[in-house]
Amino acid sequence: MSEGDESAALTELAKRRGFFFGSSEAYGGVGGFYTYGPQGAALKSNVEEAWRERFAVQEGNLEIEAPTIMPEPVFEASGHLDGFDDMLVECAECGESHRADHLIEDNSELEDAETLSPEEAAEKIADLGLVCPTCGADLAGQSVEDFNLMFETNIGPGSSTPGYLRPETAQGIFVEFPRIKEYARNSLPFGVTQVGRAYRNEISPRKSIVRTREFTQAELEHFIDPERDEADLSAVEDVEVLLYPATEQEADDGDYVETTIGEAVEDGVIGNAWLGYFLGIAQEWYETVGVDMDRFRFRQHLAGERAHYSSDCWDAESEVDGDWIEIAGFSYRSDYDLSKHGEYGDDDFTVFQQYDEPKTVERAVVDPDMATLGPEFGAQAADVADALETLAERDPDAFDADEVTLDIDGEEITVDTDVANFSVETQTEAGEHITPHVVEPSFGIDRTVYTLLAHAYETDEVDGEARSYLSLSPSVAPTNVGVFPLVSNVDELVDLADDVAAELRAAGFAVVYDDSGSIGRRYRRQDEVGTPFCITIDRDGLEGDGANTVTIRERDSGKQVRLPVDDLVGTLVGLRAGTASFDDVLDENEVVEA
RNA sequence: GCACCGGUGGUCUAAUGGUAAGACAUUGGCCUUCCAAGCCAAUUAUCUGGGUUCGAUUCCCAGCCGGUGCACCA
């Protein structure tokens with residue numbers, strides 16, 4: 001398939017066969033919002049379930065579900081309120097939009113232009129006589145527009161409690177950390193996952209479901225003690241990956257690095273073992289759900305691309321139509337998020353870590369005699385006591401004298417040393433409070449779905465007829481199996497087909513029953529939505545040696561075998577789980593020639 | 001948000017200043033039919049608003065939606 005055709009063909013298929021389509025089309029449509037049709041919703045749900053199974057259940061992590069709307073202070077703490085806010089100025093001549101704060105900072109001494117109001121920024125642009133970097137036209141007089149990528153709303157009546165739709169699911173995890181750490185019995189490391197919607201009021205949504213204004217993320221926040229918790233790479237060290245490190249991206253003849261997780265971590269290509277671990281299990285997971293690993297890579301963020309608090313960051317990228325699209329990000333976020341919420345929020349975002357051996361320390365302490373200080377200093381008494389405490393920590397020798405001198409808001413105050421009740425005590429410290437570091441694998445579910453569809457889209461020829469089909473993995477295919485009576489006007493065939501369909505549904509399979517038109521048309525229909533297996537009930541399955549048998553056809557090869565009805569559920573369970581291949585089924589049963 | 005291109009049944013296309021053609025799909029019927037078979041019949045469309053005009057799906061303007069490029073992507 002040539003470049004450019006893939007997404008066009010996919011979009012057409014997606015609309016026609018119910019994977020996804022632009023939403024609210026009856027009202028003219030709205031940019032950046034998509035509705036998943038029946039096939040797409042099932043596929044997406046299967047992908048989410050597969051992610052849960054791997055990243056929550058198998059890893060022993062904790063899944064939560066936080067609200068999509070949170071109050072303003074959450075986003076003040078997270079930095080989204082400021083950092084997500086862009087000031088744009090548009091050139092009247094050529095129509096280019098530029099970051100107003102960047103223009104001002106580049107052309108003046110000002111280093112914090114983003115703190116200016118839009119009006120102030122517009123004035124500044126006029127004062128500095130700034131011109132459009134693209135065409136050189138004067139920008140004076142152009143208005144500066146504030147654009148925040150978060151959707152704003154009001155919580156409750158009135159506008160006193162502004163809230164925002166979360167721009168990423170992660171904040172819900174960070175904000176609830178104080179409760180979750182209790183649940184986790186204050187023991188690091190532990191991981192918390194969340195699968196849910198996030199919202200960004202994108203300036204320009206593009207490429208169907210690749211960049212939308214409402215999307216689904218699956219995020220894992222793995223909390224560790226950076227001093228103690230080391231990643232165990234034994235399960236992933238031999239996993240082969242295609243890496244595109246920052247150094248290679250910057251080099252003139254930069255190339256991919258084919259290596260294993262173990263080697264990449266050892267050589268320092270991947271800067272952090274925890275990131276290496278998650279890259280490894282992500283690589284394997286993507287393969288099981290059906291990403292074409294020849295069109296998949298891990299790309300390291302360039303230094304300028306990374307947030308300042310992140311020491312290393314990798315994206316998982318898939319290739320569609322010649323473009324690489326980011327489908328997951330793996331970031332070492334240090335203690336940035338929890339520290340910020342600890343600073344802004346009321347609760348304790350630290351974890352108490354016990355030392356292996358309790359430490360004995362000598363500590364200078366005071367126990368100020370408030371009965372004396374109170375009457376003497378009145379309202380200042382508490383400040384004096386605090387100052388004594390501070391002094392004891394900083395300069396215990398000061399208490400050797402008869403008097404100590406304190407500096408209270410610039411005022412010199414002298415008190416008798418006795419009043420302080422100074423002593424040096426021997427204390428036992430069992431541990432310390434630390435702010436955990438966070439390793440964040442963050443997956444874009446919609447982009448994963450898009451990749452799976454694009455990578456699964458195939459065309460070939462069967463008996464001279466062109467066909468298109470989706471070679472989706474049986475583990476995520478929206479419909480597991482089609483059930484067809486060969487013809488619809490023979491009661492015995494229809495009855496057995498009904499029974500088979502009911503039995504498979506009872507066993508938990510998504511079944512499509514279809515008795516319309518020719519058998520070939522029914523196969524094509526299922527091929528096109530990626531149904532991996534179709535079961536046909538024919539006359540040979542009703543009588544004689546073949547009584548109570550059916551044929552099962554595999555989507556990609558079109559090959560068929562005949563097998564007893566009683567074996568169906570067991571066979572399909574193995575095929576869906578990936579513990580059996582269709583080749584195994586071909587070996588064990590009578591092959592039906594077309 | 002800007003620029004360019006586009007918007008006709010479910011889908012893909014055609015045509016037109018005088019209400020729209022085809023293919024595929026879909027539905028019903030015939031047919032004991034294993035890979036989009038055939039025959040008969042049926043259903044379904046000019047993105048929205050304004051303007052020009054006797055008359056606009058067609059021409060003009062604006063908007064919306066989509067594609068591409070720019071910018072943006074914390």
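Here the structure is a predicted model, which means the values were calculated and not measured. Chain A is the first sequence line, chain B the second, and so forth, proteins listed ahead of strands; every chain is numbered from 1. For the numbers below, each heavy atom of this structure counts, side chains included, while hydrogens, waters and symmetry mates do not.
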Colleague: To the side chain of A:E528, which of B:U32, B:A36, B:U68 is closest?
Modeller: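 Looking only at side-chain atoms, A:E528 lies closest to B:A36.
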
Colleague: Ignoring hydrogens, what is the shortest heavy-atom contact between A:T551 and A:D538? Give both atom names and the distance.
Modeller: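 Here A:T551 and A:D538 meet closest at CG2-OD2, 4.4 Å.
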
Colleague: When you measure from the side-chain N and O atoms of A:R522 to the phosphate of B:A36, is any distance below 4.0 Å, counting only OP1 and OP2?
Modeller: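 For B:A36, neither OP1 nor OP2 has a side-chain N or O of A:R522 closer than 4.0 Å.
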
Colleague: Can you tell me, in whole Å, how much space there is between the P of B:G63 and that of B:G55?
Modeller: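 After rounding to an integer number of Å, I get 26 Å for this pair.
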
Colleague: Please determine, for B:U58, whether a Watson-Crick or G-U wobble partner exists with both distances under 3.5 Å, and give it or none.
Modeller: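 Paired with B:U58, as far as the under-3.5 Å criterion goes, is no nucleotide at all.
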
Colleague: Using whole Å, report how far CG of A:L13 lies from C1' of B:C12.
Modeller: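 After rounding, the reported distance stands at 13 Å.
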
Colleague: Between B:G66, B:C31, B:C35, which nucleotide has the shortest distance from any of its atoms to the side chain of A:Y34?
Modeller: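 So the side chain of A:Y34 is nearest to B:G66.
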
Colleague: Sticking with atom C1', work out how far B:C73 lies from B:C5, rounded to a whole angstrom.
Modeller: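 Straight-line distance between the two C1' atoms is 25 Å.
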
Colleague: Spell out yes or no: do the side chain of A:R553 and the base of B:C34 have one donor N/O and one acceptor N/O closer than 3.5 Å?
Modeller: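 In this structure, the two groups form no donor-acceptor pair.
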
Colleague: Find the partner of B:A36: check Watson-Crick (N1-N3 plus N6-O4 or O6-N4) and G-U wobble (N1-O2, O6-N3) distances, both under 3.5 Å, and reply none if neither fits.
Modeller: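 For B:A36, the partner nucleotide comes out as none, under the 3.5 Å rule.
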
Colleague: Base, sugar-phosphate, or nothing: which does A:R539 touch, judged by heavy atoms less than 4.0 Å apart?
Modeller: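 Base contact.
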
Colleague: Which pair of heavy atoms, one from A:I535 and one from A:L568, lies closest together, and at what distance?
Modeller: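 Smallest interatomic distance, heavy atoms only, reads CD1-CD2, 3.5 Å.
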
Colleague: Ignoring backbone atoms, establish whether A:K559 has a side-chain N or O less than 4.0 Å from OP1 or OP2 of B:C35.
Modeller: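 No, no such contact exists.
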
Colleague: Between A:T11 and A:S208, does any side-chain donor sit less than 3.5 Å from a side-chain acceptor?
Modeller: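 Side chains of A:T11 and A:S208: no pair found under 3.5 Å.
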
Colleague: Rounded to whole Å, please give me the gap between CD in A:Q526 and P in B:A36.
Modeller: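 After rounding, the reported distance stands at 15 Å.
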
Colleague: If we take the P atom in both B:U44 and B:G7, what is their distance in whole Å?
Modeller: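 To the nearest whole Å, 24 Å.
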
Colleague: Between B:C34 and A:Y523, counting only base atoms on the nucleotide and side-chain atoms on the residue, is there a donor-acceptor pair under 3.5 Å?
Modeller: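 Checked by distance alone, the answer is yes.
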
Colleague: Considering every strand shown, what is the Watson-Crick or G-U wobble mate of B:A42 when both distances are under 3.5 Å?
Modeller: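 B:A42 is paired with B:U26.
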
Colleague: Among B:A36, B:A71, B:U32, which is the nearest nucleotide to the side chain of A:S468?
Modeller: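 Nearest to the side-chain atoms of A:S468, counting from C-beta on, is B:A36.
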
Colleague: With sugar-phosphate meaning primed atoms plus P, OP1 and OP2, does A:G18 contact a base, only sugar-phosphate, or nothing at under 4.0 Å between heavy atoms?
Modeller: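 Nothing, no heavy atom under 4.0 Å.
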
Colleague: Return the pairing partner of B:G9 with a 3.5 Å limit on both distances, Watson-Crick or G-U wobble; otherwise return none.
Modeller: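 Partner of B:G9: none.
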
Colleague: So does A:S518 get a side-chain nitrogen or oxygen closer than 4.0 Å to the phosphate oxygens (OP1/OP2) of B:A37?
Modeller: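 A:S518 to B:A37 OP1/OP2: side-chain N or O found under 4.0 Å.
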
Colleague: Relative to each other, are the rings of A:F20 and A:Y36 parallel, tilted or perpendicular (30° and 60° limits)?
Modeller: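 Perpendicular: the ring planes of A:F20 and A:Y36 meet at over 60°.
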
Colleague: With RNA chain B as reference, determine whether A:R211 or A:G520 sits nearer its 5' end, using the nearest nucleotide of each.
Modeller: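 By nearest-heavy-atom nucleotide position, the 5'-most residue is A:G520.
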
Colleague: Any donor-acceptor pair, under 3.5 Å, between the side chain of A:Q560 and the base of B:C34, if you only look at N and O atoms?
Modeller: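 When only heavy-atom distances are counted, A:Q560 does reach the base of B:C34 through a donor-acceptor pair under 3.5 Å.
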
Colleague: Heavy atoms from C-beta onward define the side chain here; which of B:C34, B:U11, B:C31 lies closest to that of A:K15?
Modeller: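 Per side-chain heavy atoms of A:K15, the pick is B:U11.
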
Colleague: So A:G22, base contact, sugar-phosphate only, or nothing? Heavy-atom distance under 4.0 Å.
Modeller: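 Since no nucleic acid heavy atom lies under 4.0 Å of A:G22, the category is nothing.
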
Colleague: Check this one for me: any side-chain N or O of A:R524 less than 4.0 Å away from OP1 or OP2 of B:A25?
Modeller: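 No, A:R524 has no side-chain N/O under 4.0 Å of OP1/OP2 on B:A25.
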
Colleague: Taking the P atom of each, how far is B:U52 from B:C60, in whole Å?
Modeller: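 Roughly 16 Å separates the two P atoms.
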
Colleague: What integer number of Å spans the C1' atoms of B:C24 and B:C59?
Modeller: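 It works out to 33 Å between them.
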
Colleague: Does a donor on one side chain sit under 3.5 Å from an acceptor on the other, for A:Y450 and A:S318?
Modeller: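 Absent: no donor and acceptor within the cut-off.
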
Colleague: Now, which nucleotide makes the Watson-Crick or G-U wobble pair with B:U19, with each of the two distances under 3.5 Å?
Modeller: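 Across any shown strand, B:U19 pairs with none.
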
Colleague: When you compare B:U13 with B:G17, how far apart are their C1' atoms, in angstrom units rounded to a whole number?
Modeller: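 So the two C1' atoms sit 23 Å from each other.
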
Colleague: Is there a donor N/O on one and an acceptor N/O on the other, under 3.5 Å, for the side chain of A:R206 and the base of B:G69?
Modeller: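 Side chain to base: pair found, below 3.5 Å.
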
Colleague: For B:A14, which nucleotide in any strand shown is its Watson-Crick or wobble partner with both distances under 3.5 Å?
Modeller: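 No nucleotide pairs with B:A14.
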
Colleague: Name the nucleic acid region contacted by A:R525, choosing base, sugar-phosphate or nothing; use a 4.0 angstrom heavy-atom cut-off, strictly under.
Modeller: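 It contacts sugar-phosphate atoms only.
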
Colleague: Taking syn as within 90° of 0 and anti otherwise, name the glycosidic form of B:U19.
Modeller: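 With its glycosidic angle within 90° of zero, B:U19 counts as syn.
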
Colleague: Using the six-membered ring wherever Trp is involved, compare the ring planes of A:F278 and A:H222 and label them parallel, tilted or perpendicular (cut-offs 30° and 60°).
Modeller: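 Because their plane-to-plane angle is over 60°, the rings of A:F278 and A:H222 count as perpendicular.
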
Colleague: With a 6.0 Å cut-off on the ring centroids, do A:F443 and A:F330 count as close?
Modeller: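 Between A:F330 and A:F443, which both carry aromatic rings, the centre distance is below 6.0 Å.
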
Colleague: Looking for any heavy atom pair under 4.0 Å, which part of the strands does A:T11 touch: base, sugar-phosphate only, or nothing?
Modeller: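 Answer is nothing: A:T11 stays at 4.0 Å or more from every strand.
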
Colleague: Mind checking the C1' distance from B:G9 to B:U46? Whole angstroms is fine.
Modeller: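 Roughly 10 Å separates the two C1' atoms.
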
Colleague: Can you tell me the base-pairing partner of B:C70? Count Watson-Crick or G-U wobble geometry only, both distances below 3.5 Å, and say none if there is no partner.
Modeller: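 B:G1 - that is the nucleotide pairing with B:C70, both distances being under 3.5 Å.
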
Colleague: Check the side chains of A:R525 and A:S516 for a donor-acceptor pair under 3.5 angstrom, ignoring hydrogens and angles.
Modeller: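 Yes, A:R525 and A:S516 have a side-chain donor paired with an acceptor closer than 3.5 Å.
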
Colleague: So A:E168, base contact, sugar-phosphate only, or nothing? Heavy-atom distance under 4.0 Å.
Modeller: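 Base, at least one base heavy atom under 4.0 Å.
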
Colleague: Hey, is the side chain of A:R521 poking within less than 4.0 Å of OP1 or OP2 on B:U26, counting only N and O atoms?
Modeller: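 True: A:R521 side-chain N/O within range (under 4.0 Å) of B:U26 OP1/OP2.
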
